[in-house]
Every structure is written in structure tokens, then in C-alpha cells.
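No hydrogens, no waters, no symmetry mates; every other heavy atom, side chains included, goes into these values. The structure displayed is predicted, hence computed values, not measured ones.
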Amino acid sequence: MIDQKKRIRRCRRGAADRGEQMKKIAIVLDGWRKFVTYAWIIGCRQYIKEHGLDANIYAFNSFGNFSMDEKYNIGEYNITNLPNFSDFDGIIVDLTNIKKENREIKEDIIRRIRESGVPAVSLVERIPGMYYSGINNYAAMKEIVEHIVTVHGCTKINFVGGPRENEENQLRFEAYCDVLAEHGIPFERERVYEYNFEIVTGEQAFDHFEEKGLIPEVFICANDNIAVGLCHQAQGRGYRIPEDFLVTGFDNFDKASYYVPSITTVGVIREKTAYQAAELLDKIWRGEECANEVYVDSEIVFQDSCGCKAEHPRDRGEYVRENIFAADYEIKIQNDMLLLKRALIDCQTFEEMAECLPQNLQMLNYEELYILMNKNLLGDSEEILFDMHTVEDDYPTKGYPEDMEVFVASRGKEILHDCKRKPGQLIPGDAESSGGDLYLFLPVHFRDREIGYMVLKNCDDLMNGQMIFEVLNVFLEAMENMYHRSILSRMNQELSMLYMMDSMTGLYNRMAYNRLAVPLFEQCVKNGNPILIMFVDVDRLKYINDNFGHDMGNIAIKTVSSAIQKFCPQEGVAMRYGGDEFVVLVPKYDQAMAEDMVAKMYQMIDSADKSLNTNFPIEASIGFVIAENGEKNLNDCINLADEKMYEVKKAKKVQRNQ
């Protein structure tokens, strides 16, 4: 329980000490995969605007559950160590996406918030010692299961859930169990399947139950992703929904209403969750009594998947139209990122990069940009090598140095010169406004090692378009490329071998052949897994170099390598094999997956060619083979892919000459 009187007295004393100055709200959130949970920020800002609060939002965002690289995730979560929570008037947290593998990080965040004594509201999940704002998961799921039992008369009911340790999943599962018990329906553990909240869970669950002969009368799914995945898998097996069995979801994502059949689900306005959290903080600041827990209204949305008729069916034509424009927007983002990447890669020094960023980021529509960096990174190249001392002492995995250097400070395209940051200050100089603004803080790191952080002021368009991750990733890649180049210029051949990176393209270089490519190929052969071997060649590079100069040839190389980098999965190896040649290895890829990857690469290169508007076409030819039986070695497979690439190139030449 929260001691409200004690907390109210503390808030009143704090307000008196500060002379009722502007309120500062910290929002700590871990994005869902590579997406910012923008609904929380919208809801909080909406309350501030409607009630005329003199308050700023400081959002500390990580993408710590996206990568399979745990060291990368640790680097993301380090942003939560930046704020001193005692400096804020209120805190809103959403820590539900932090995986169980990182529970120590989650516990540390909670501990620091508690020790600050600042009133805090947890969204979605209950945390002892904090207020709570969210949906009543138990009541909503109980209502939907009750409907299935009493209206549709189902008694064979399977539950497909998310992570077992997740509170939302636990409450929804508890409601399922209680309804069964209340109606005298035996609980059967074999009718429960739990994994994660992604579509794959529904697909795997259906296969599992079908194999066990446990196809029920209804599948109760913990969210809409799972429900859609299950329906898709079942339909692929020849089942019909709701004729063969019923399906329900939860959360009322767009996919629930637009899928065929539309999914019966639970609807909630997510922004309202953060709106009520801000309202709780406001009441605490005013010294008013308030509930420890507040719930957002939800409703059951009955649709086709449970055999009910949708009262307000969504227009699928509208969904198609939205996706057409979304696809066009995605292409625009890719082109913008490609141009940004090209501009950053062309920079020869950190100073050039600092000047380049504001000039090339204005398409992202933010008010101010600040990037603060570890001073060791921006020092002399000979001093920033990652030896053991540098790694352990100068680039920690937890926290940030007191004394950090302002790498970029800009208001639009205007560079703010002589902008300084005092020790302990989150934002340089007098940058903070008088109220009503949003500051988004993002970590800048090389895997688990901090090198700085980025601050964006009022970047709502960026978050609404979900471009934050893409922008940050391009910047991180450019910083890392710059870092490698500064090192490679002063290292001997042996040290160069350790990095295996091509400084121009950011891909691996030929040195990765023996260190990465051969071991990956041999591992796939040993395990009996197929592996894609792709050969990519930049078309007519000699013509471009001879007629337009090598700088233009470099642009063609970078354009093609960007497409390779974009679509080569994390588990693959992409190498610059020669001047204009690239080799890509991707494990567990079949013919269809390879063809899809090639098509996307061609599309991106074509889009970049049109966007760059050069006096020559930027094109590439791609050939590939799928090695499955280990009869040929890697070199033979590369030669075969090379031959297929030349067949593509010859066909293009014939077509041009017709």
C-alpha cells in the first residue's frame, strides 16, 4: 500500500521549496521491439494541455527487447541510469516489455524510483509502492470467456497466452481458469500454451494442439497478435473459423478488425492510460486524496471469429488505402535514411559529422537536437583505441560520465555554438523551456558500452511515424564506422584483421571470409541446414568511374551496400568481396525467402536511384544458390552464384540493346 498522507506532505514541502515552479515528469519506457509506445506520451501531453499544467515531459526510451544481442540490449537500457529521479516531480513507467533475462535491470529501475520518494505511476502492470493506471485485465477477460461459455455453450476451451511471467498474461489466464471453475468445466493443463505476444505464438500453438488431437470448441488468445497467428495457421490447414471452432483476442489492434474473419476482442483507448496517470500525479501535487489504482474503460468488441455479428464492422477498403499510403511512406523513410546514411558515411571526421547531422535531419521535423558524447570518443584517434583500460574505465556499461561533451546542439538547421553542459545537467545550457514541451532521451552506444545520448525536443512526427529507431540506428552505424576508420588509419595489419569491417560500406570486408563466412557455412552443413549464398555486383561501375569520377562510383557502391545491409538478417554475413562485388551468406534460407530478399533489394536500389537523381543509373545484378547437402564447398558455391549473377547481367545487356 502507498502511504498517501506521507507522500502528499512530501509533495507539498517540495512544491514550497521550489516555489511552485514548472513540474517535471519523467517517463521511463521500453519500446515494443523497435517502436516507441507513443500512446503513453500522447495521453500525458493531452492531460497537460487540457488542464493548462506548467509541466515538461522527459521521456527516457530504450529498445532493449528488440535485438537478439544481449550486450546491445544492455546498452539500450543504460539510458534509464541517466536521470536522477529525485530531480523530478512525478514519474510514469512502463517496464512490461523488459524480458525476464533483464529482470535485474528492471528491479534496479524500480529500486531507484522508490528511493527517490517521488510519486510514481506504473502503466499496464502493478508495482508495489507505485500507483497503477491500466486496464482491468482480469475483468475484461472474464467477461469474454463468460460470453463464450454462456452464449455459445462451449466447454472445450483452450488458452493461448504470452510470457508466463507477464502480469497481463497472468491476469487473463486467471480469469480463464476462474470462469471454467465457476461453470464446473474441468481445467486441463494440456489445453494451455504460452510463449510470447507475437503472431508466431498463435501459429505454434495451433500446430501443437492439432498434433496432440486437442482442437477445442474455442481458442481464448491473450492478445490479437496470437489470435491472428492462430487463425492464419488454422486456415492454412483447411479449417474454417467460426464454423470449426471459435477464436477470441484482446487489445483491439487494427489487425483484429481487418482480418478475415474479424476477431472478437477487448477494446481500450491506450492513450487514456497515460492520461489518467498524469491526472493521478496532478491530484497528488494538489494534495488531494486519490485511488492507488485507476482503470481505463474497456469493452468487448464482438466480431465474426466467435460467431457473433459485428455491430460496427470496419471498412476493409479503408485499411487497404491506409496500407497503400503506409507503403509509400515506408519507401520515403528508406530513401531519407539512405540519404542520411550517405551523408554521414561521406564525413571524414567527427567534426564534419556534427555539422552534417542538423543539415540532414530536418526532414524529421523536430524543434531541437542535442547529442552529448563521452569525451574519450572524441579525443585523438591514438587515445581512443578500445584496449582493456578504455573499455572498462572510459566506456562503462552502467551510467554516464559527469563531464560529457556537447557533440551536436541545434535548433532546426541552426548550429548552437558554444553550447555547454554543466556536470549533472541533462540538457546543455539554458535549453529547457518554461513548460509544455517533450524531451526524448535515447542511448548512443557500441553494444553494451555507453558513448553518449541523444535528446530530441518536440519530435512528435518522428514518434508518430515510428522513425526513431531508424534514425538512431543510422547514426549509431555512422558513429561506429567513423570510430573504426579513426582506428584503422593508425593500426597495423594484425589489428585491422580483428575488425573485418569495410569502412566505406559498413559491411564486412574480405577478411571476414575465413573468420565468419567459412565457419557459418560449415556449421550449416554440419547441422543439415540450408544456407543462401548470394553474389551481388554493381552494374557498369567502370563506366561510372571513367565518365563521372570515382566519387560517383563510391555513391553507387554505397547505394547497393545499403540495400544489402538493410535486408541481410542479423544472423547473416554480408561482405564486400571486391571493389564492386559483394557476397552474402544467410543461414536457414530457402528459395522463396531468397527470392523475396532479392526483390526487396532491387526495389530499394531502384528507389534510391530515382531519389539521388544522378546522371547515370545505379543498378546491381544479383545471383544466388541455396546450399543444402554440403556437396560443394563455400568457394564452389560462391563461383556458382557468381555465374548466375552474370546470367542476370547478360540478360540486362541484351534487353538494353534491343
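At least one donor-acceptor pair under 3.5 Å links the side chain of Thr201 to the backbone N or O of Asn196. Remark: side-chain polar atoms of Asp448 are not paired, donor with acceptor, to backbone N or O of Gly75 under 3.5 angstrom. Ser62 places no side-chain N or O within donor-acceptor distance of the main-chain N or O of Glu76, the cut-off being under 3.5 Å. Side-chain N or O atoms of Asn458 include one that pairs as donor or acceptor with a backbone N or O of Leu438 at under 3.5 Å. Judged by distance alone, the side chain of Glu352 and the main-chain N or O of Gln348 form a donor-acceptor pair under 3.5 Å. Judged purely by atom type and a 3.5 angstrom limit, Asn360 uses its side chain to pair as donor or acceptor with the backbone of Cys356. Counting only distance, with no hydrogens or angles, the side chain of Glu279 and the backbone of Gln276 share no donor-acceptor pair below 3.5 Å. The main-chain N or O of Glu477 is found under 3.5 Å from a side-chain atom of Asn481 such that the two form a donor-acceptor pair. Proximity of a side-chain donor or acceptor of Asn252 to a complementary backbone N or O of Val266 within less than 3.5 Å is not detected. In this structure, Asn223 contributes its side chain and Phe197 its backbone to a donor-acceptor pair below 3.5 Å.
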Check: What's the verdict on ring pair (Phe, Tyr, Trp, His ring centres under 6.0 Å) for His445 and Tyr453, showing C-alpha distance, side-chain angles and the deciding distance?
Finding: CA-CA 8 Å; His445 56 98; Tyr453 64 90; over 10 Å; no
Note to self: Walk me through whether Arg411 and Glu368 qualify under salt bridge (charged side-chain N to carboxylate O under 4.0 Å, His left out).
What the structure shows: CA-CA 4 Å; Arg411 185 173 294 115; Glu368 294 175 7; 3.1 Å; yes
Margin query: Please evaluate residues Asp346 and Leu344 with respect to the criterion side-chain contact (heavy atoms from CB on, under 4.5 Å), reporting the C-alpha separation (whole Å), side-chain torsions for both, the decisive distance (0.1 Å), and the verdict.
Written below: CA-CA 5 Å; Asp346 284 343; Leu344 292 177; over 6 Å; no
Item checked: Chi angles and distances behind the side-chain hydrogen bond (donor to acceptor under 3.5 Å, both in side chains) call for Gln565, Lys341 -> CA-CA 11 Å; Gln565 200 168 47; Lys341 182 178 290 189; 3.0 Å; yes
Next item on the list: May I have the step-by-step check of side-chain contact (heavy atoms from CB on, under 4.5 Å) for Phe469 and Val474, ending in yes or no?
Entry: CA-CA 9 Å; Phe469 181 85; Val474 168; over 6 Å; no
Checklist line | side-chain contact (heavy atoms from CB on, under 4.5 Å) between Glu480 and Leu476, intermediate numbers included | finding: CA-CA 6 Å; Glu480 196 156 8; Leu476 283 173; 5.8 Å; no
Next item on the list: Evaluate side-chain contact (heavy atoms from CB on, under 4.5 Å) for Tyr38 paired with Trp40, printing each intermediate quantity in order.
Entry: CA-CA 5 Å; Tyr38 185 43; Trp40 303 155; over 6 Å; no
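Between Lys272 and Asp297 there is no salt bridge, since no side-chain N of the basic residue sits under 4.0 Å from a carboxylate O of the acidic one. The pair Asp54-Lys23 does not meet the salt-bridge criterion, since no charged nitrogen lies less than 4.0 angstrom from a carboxylate oxygen. Of the charged side-chain nitrogens involved, none lies within less than 4.0 Å of a carboxylate oxygen, so that Arg270 and Asp251 do not count as a salt-bridged pair. Salt-bridge formation is detected for the pair Arg111/Glu115: a Lys NZ or Arg NE/NH1/NH2 atom is positioned less than 4.0 Å from an Asp or Glu carboxylate oxygen. Contact check on Glu101 versus Lys99 returns no salt bridge, with no Lys/Arg side-chain nitrogen under 4.0 Å from an Asp/Glu carboxylate oxygen.
Residues Asp30 and Asn65 bring a donor and an acceptor atom of their side chains to less than 3.5 Å of each other.
Residues Phe407 and Met479 have side chains in contact (heavy-atom distance under 4.5 Å, counting atoms from C-beta outward). Side-chain contact between Phe85 and Val28 is present, with heavy atoms from C-beta onward closer than 4.5 Å. Contact of the Asn61 side chain with the Ile79 side chain is not registered, since no non-hydrogen atoms from C-beta on lie closer than 4.5 Å. Annotation: side chain of Val121 is in contact with side chain of Leu281 (closest heavy-atom distance under 4.5 Å). Annotation: side chain of Phe60 is not in contact with side chain of Ile27 (no heavy-atom distance under 4.5 Å). Within the 4.5 Å cutoff, the side chain of Met141 has no heavy atoms near those of the Phe173 side chain. In this structure, Tyr195 and Pro163 have side chains that are not in contact, with every pair of non-hydrogen atoms separated by 4.5 Å or more. Annotation: side chain of Met404 is in contact with side chain of Arg421 (closest heavy-atom distance under 4.5 Å).
No more than 12 heavy atoms of other residues, nucleotides or ligands shown are found within 6.0 angstrom of CD on Glu104.
Here Lys255 contributes atom NZ and Ile199 contributes atom CD1; the two are 5.5 Å apart, rounded to the nearest 0.5 Å. Between the CG atom in Asp437 and the CD1 atom in Ile48 there is a gap of 10.0 Å [rounded to 0.5 Å]. Between Ile42 atom CD1 and Thr273 atom OG1 the span is 12.0 Å, to the nearest 0.5 Å. Rounded to the nearest 0.5 angstrom, Asp87 CG and Tyr58 OH are separated by 10.0 Å. Leu426 CG to Tyr370 OH: the interatomic distance, rounded to the nearest 0.5 Å, is 12.5 Å. The CZ atom of Phe253 sits 8.0 Å away from the OG1 atom of Thr265 when rounded to the nearest 0.5 Å.
Heavy atoms only, all atoms of each residue included: Cys44 and Ile92 are closest at SG-CD1, 4.0 Å. Taking all atoms of both residues into account, the shortest heavy-atom contact from Gly162 to Ile226 is N-CD1, 4.1 Å. Pro83 approaches Phe88 most closely through the heavy-atom pair CB-CE1, 3.9 Å. The two atoms that bring Asn78 and Gly399 nearest to each other are OD1-N, 2.6 Å, heavy atoms only. Residue Ser86 comes nearest to Val118 through the heavy atom pair CA-CG2, 4.1 Å, listed as atom of the first residue, atom of the second, then distance. When all heavy atoms are compared, the tightest approach of Met482 to Thr349 is CE-O, 3.3 Å.
Exactly one residue among Leu95, Asn166, Asn137, Asp94 makes a side chain to side chain contact (heavy atoms under 4.5 Å, CB included) with Glu125. That residue is Leu95. Among the candidates His51, Glu50, Lys49, the single residue satisfying the side chain to side chain contact (heavy atoms under 4.5 Å, CB included) test with Tyr47 is His51.
With sequence neighbours excluded, the residues forming a side chain to side chain donor-acceptor pair (under 3.5 Å) with Asn169 are Glu194, listed by chain and number. Annotation: side chain to side chain donor-acceptor pair (under 3.5 Å) contacts of Tyr295 (sequence neighbours excluded): Arg126, Glu293.
A cation-pi arrangement, defined by a distance under 6.0 Å to the six-membered ring centre and an angle within 45 degrees of its axis, is absent between Arg172 and Tyr138. Cation-pi check for Lys457 over Tyr366 is not met; the charged atom does not lie both under 6.0 angstrom from the ring centroid and within 45 degrees of its normal.
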